[in-house]
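Here the structure is a predicted model, which means the values were calculated and not measured.
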Amino acid sequence: MKKILINTLMLFLFGCAATSEFPDKDEKQAESARKEKALSAFIDGTMAEMSSDFAGAILNYQEALKLDPTAGVHHALAENYFRLARLSPALDHAKIAAKAEPDNLDYQTLLATIYRSANLTDSAIAVLEKIAVKNPENSGVIYALAELNEQKKPSYSLELYKKLIDLQGPHPEVLIKIAEMNEKLGNKKATVETLEQFRENYSSDQNLMISLIMAYMSIGENETALARAEEAAMLYPDDIAVLELLARSYLLNNNWEGGIDIYSRLTEMSKVRLEDKLAYAEFILQKGSRDSTFLGKGREILEKMVSDSTDHRTLALLGELNILEKKDSAAVTNYKEAARLAPWNEFYWNRLGQLLIDKARYDEVKDELSKAIHNFPDSYQLNLILGLAFSAKENFLESRSYLEKAVRINSSEFFPHYLLGFTLHRLNEPQKAIESLDIASRLQPGSPEVWGLKGLIYNSLEQWDKCDSAYSYAILLDPDNPTLLNNFAYALSERGIDLNRAMEMVDRALESEPENSSFLDTKGWILFQQGEYYDAQKFIYRSHKVNPESPEVLNHLGDVHFKLGEKDKAIEYWKMALELQPGDQGLKEKIERGEI
């Protein structure tokens with residue numbers, strides 16, 4: 001074997017060497033010795049290469065190159081540099097070898113390969129085209145040319161792939177390439193025709209079947225796509241890509257139950273990634289949000305996934321399912337656990353806070369989100385939710401700090417400005433409250449709530465024109481809002497003006513909420529201002545029965561009894577009101593005087 005190799009190398013190294021017609025004997029001996037050393041170095045390089053010692057091979061080939069710089073040595077160096085991913089020297093030697101022997105197919109092919117690896121696509125194409133001219137039926141060269149031209153010259157690439165079919169017959173890999181090129185060129189029907197032409201012979205080729213299914217989908221022939229997908233699923237019942245296409249085919253044919261059954265099957269396969277399982281489950285939930293008949297399947301899948309392996313994303317999806325089914329307490333539990341497992345996920349905390357706020361579980365909001373706010377101090381949503389929770393619990397100082405931060409983080413949102421205005425009003429800072437409400441009304445000019453609150457504050461400031469203007473505009477925006485109607489009516493009754501208008505407004509409010517304590521008290525107070533004390537007493541007593549702890553209603557009851565000549569009874573009610581509102585100086589004075 002070694003003798004044959006040496007003979008081959010002798011021919012390779014010296015077959016084309018030039019000789020002098022009348023060489024000097026000493027020169028001839030020296031030349032022979034040099035070539036023999038070159039051959040020995042080349043053989044050593046070849047043996048190192050056969051042992052995968054490419055660095056050692058290079059050292060030997062470099063020695064051979066110094067002694068006898070032939071194209072064969074340059075080619076050998078190019079190959080070994082290429083194997084070591086040293087593209088620059090590989091390219092240098094490959095160029096020399098290819099230039100020295102332009103008809104050597106191996107040399108030219110290696111040069112093209114190195115150009116391609118170096119992303120010098122145009123140079124690789126130029127070399128391959130020269131090879132193709134001299135070797136028009138070389139399928140490897142044609143395939144390489146076709147691949148390199150896919151991006152810039154897809155039509156040319158397509159013709160080359162078709163030529164390969166003519167040369168070597170239909171081959172699945174080439175057929176898929178033809179389909180891809182037709183797709184790129186918009187020849188979708190041609191794609192289908194090409195793939196379908198060879199389907200019967202290559203139906204066992206998985207990639208070919210997948211390409212065919214996708215091609216039918218792309219031209220809208222969904223029924224045929226489904227038929228091919230079912231055929232592929234019979235051949236590859238556990239293949240993820242095939243099953244995904246089968247599910248999509250069912251959905252495209254409006255067979256939601258069939259598609260979801262396949263997705264359900266995929267979620268039970270151990271080799272399917274968790275991310276994909278979650279995507280399937282999320283899809284089923286999206287469908288379930290529009291058609292509740294699918295929610296049961298979604299629950300079955302998610303509960304199985306949770307039992308197999310608890311993951312925060314699975315718990316969050318289960319939480320969303322419980323929200324869709326209006327099982328908010330279960331959703332809260334899911335999101336609490338998801339946030340515990342992934343405390344870095346701000347969305348979970350936001351979602352948990354929203355759920356608790358919706359159920360008026362304000363103490364839990366404070367307990368849970370107070371943990372999260374340390375990790376997300378600049379979260380607009382978390383600051384807003386905490387501000388709302390503290391406001392609902394009438395802890396307005398805490399509420400203020402969170403709301404002011406929410407406003408600093410995002411000054412373009414309406415609601416935090418409005419809520420901050422309400423909070424400042426409750427903290428008895430009316431001017432600052434008005435400033436916040438002015439910003440809110442600029443952001444949302446048509447908000448009756450903002451204008452109604454402005455009316456309330458202007459009334460407390462005794463800025464009557466602004467008060468009446470704000471209330472009137474609020475009612476113009478929302479004519480049937482019972483709270484606005486009542487508040488404006490009460491503001492007028494306190495001043496004892498426009499009482500008929502005030503009565504008309506409070507009656508409309510009571511039509512909506514006939515047992516509302518505030519509305520009943522307002523009507524009673526308007527009657528009081530009109531001098532109708534017995535009728536006033538009836539309505540204020542009804543208000544007291546609904547809300548016996550209201551100091552304002554007790555105060556009004558005392559005033560009515562006083563007007564009815566029942567001074568002791570009046571003082572009794574005023575004292576009851578003072579117990580609930582000990583800082584009310586007006587009440588103290590009435591009790592001391594024993595009169596209004």
Side-chain angles (χ1 to χ4, degrees), residues 1-19 31 34-50 52-149 160 163-164 167-168:
M1 176 69 183
K2 189 171 181 180
K3 186 175 182 181
I4 295 171
L5 176 61
I6 291 172
N7 289 336
T8 303
L9 293 174
M10 289 286 285
L11 288 170
F12 178 69
L13 285 170
F14 308 123
C16 298
T19 57
E31 177 72 9
R34 183 177 59 78
K35 286 184 178 290
E36 189 173 336
K37 287 183 181 179
L39 175 60
S40 178
F42 191 89
I43 291 171
D44 289 342
T46 303
M47 300 307 293
E49 186 178 338
M50 291 172 67
S52 299
D53 179 11
F54 305 124
I58 287 171
L59 291 174
N60 285 291
Y61 289 142
Q62 285 175 336
E63 183 63 25
L65 189 67
K66 290 177 186 176
L67 296 166
D68 193 11
T70 63
V73 180
H74 281 291
H75 175 72
L77 279 165
E79 279 189 319
N80 284 272
Y81 276 123
F82 183 60
R83 289 188 180 110
L84 293 175
R86 296 179 61 185
L87 297 183
S88 182
L91 188 57
D92 290 341
H93 288 288
K95 285 180 181 178
I96 295 170
K99 184 176 181 181
E101 296 187 21
D103 294 330
N104 189 304
L105 180 61
D106 290 338
Y107 294 2
Q108 300 297 330
T109 302
L110 177 61
L111 178 60
T113 302
I114 297 171
Y115 273 134
R116 188 173 182 179
S117 295
N119 292 318
L120 299 171
T121 304
D122 291 342
S123 296
I125 289 173
V127 174
L128 288 169
E129 284 178 340
K130 289 178 182 177
I131 298 173
V133 170
K134 296 179 180 179
N135 302 271
E137 295 187 358
N138 186 311
S139 58
V141 171
I142 295 170
Y143 189 88
L145 264 177
E147 274 198 318
L148 289 172
N149 280 284
L160 290 172
K163 183 177 180 181
L164 276 176
L167 287 172
Q168 60 184 22

Q: Rounded to the nearest 0.5 Å, what's the gap from NZ on Lys95 to NE2 on His74? Could you check?
A: 13.5 Å
Q: Looking at CG of Asp68 and NZ of Lys35, how far apart are the two atoms once the value is rounded to the nearest 0.5 Å?
A: 4.0 Å
Q: Considering all heavy atoms of both residues, which atom of Ala132 and which atom of Leu145 are nearest to each other, and what is their separation?
A: CB-CD1, 4.1 Å
Q: Is the closest side-chain heavy-atom distance between Leu91 and Leu111 below 4.5 Å?
A: yes
Q: To the nearest 0.5 Å, how far apart are CD1 in Ile58 and CG in Leu65?
A: 12.0 Å
Q: Quick one: does Leu128's side chain get under 4.5 Å of Ile131's, heavy atoms only?
A: yes
Q: Just how far is it from atom CD of Gln62 to atom NZ of Lys66, taken to the nearest 0.5 Å?
A: 7.0 Å
Q: Are the side chain of Gln108 and the backbone N or O of Asp103 linked by a donor-acceptor pair below 3.5 Å?
A: no
Q: Ile125 vs Asn149, test: side chain to side chain contact (heavy atoms under 4.5 Å, CB included). Steps then yes/no.
A: CA-CA 8 Å; Ile125 289 173; Asn149 280 284; 3.7 Å; yes
Q: Please identify which of these residues, Phe82, Tyr81, Tyr107, meets the ring-ring contact (aromatic ring centres under 6.0 Å, His included) condition with His93.
A: Tyr81
Q: Show your reasoning for whether side chain to side chain contact (heavy atoms under 4.5 Å, CB included) applies to Tyr61 and Thr46.
A: CA-CA 8 Å; Tyr61 289 142; Thr46 303; 3.4 Å; yes
Q: With rounding to the nearest 0.5 angstrom, report the CD1 to CG distance, Ile96 to Asp92.
A: 6.5 Å
Q: Between Val127 and Ala112, which heavy-atom pair has the shortest distance, and what is it?
A: CG1-CB, 3.9 Å
Q: Please find the pair of heavy atoms, one from Gly56 and one from Ala48, that lie closest to each other, and give the distance.
A: C-CB, 4.1 Å
Q: With a 6.0 Å cut-off (strictly less than), is the heavy-atom count around CD of Gln168, excluding the residue itself, greater than 12?
A: yes
Q: Which atoms form the tightest heavy-atom contact between Ala78 and Ala94, and what is the distance?
A: CB-N, 3.6 Å
Q: For residues 113-124, run the donor-acceptor check on the side chains, cut-off 3.5 Å, and write out each pair with its distance to 0.1 Å, sequence neighbours left out.
A:
| unit_1 | atom_1 | unit_2 | atom_2 | d |
| --- | --- | --- | --- | --- |
| Thr113 | OG1 | Thr109 | O | 2.9 |
| Arg116 | NH2 | Glu147 | OE1 | 2.7 |
| Ser117 | OG | Thr113 | O | 3.2 |

Q: Test your reading of the model: is there a side-chain donor-acceptor pair from Lys134 to the backbone of Leu105, 3.5 Å cut-off?
A: no
Q: Hey, is the main chain of Asn138 close enough, under 3.5 Å, to the side chain of Asn135 for a donor-acceptor pair?
A: no
Q: Any chance you could measure Glu49, atom CD, to Asn80, atom CG, to the nearest 0.5 Å?
A: 4.0 Å
Q: Restricting to non-hydrogen atoms, name the atom on Gly45 and the atom on Ala57 that form the minimum distance, rounded to 0.1 Å.
A: O-CB, 3.3 Å
Q: Give me the atom names and distance for the closest heavy-atom approach of Ala71 to Ala97.
A: O-CB, 3.6 Å
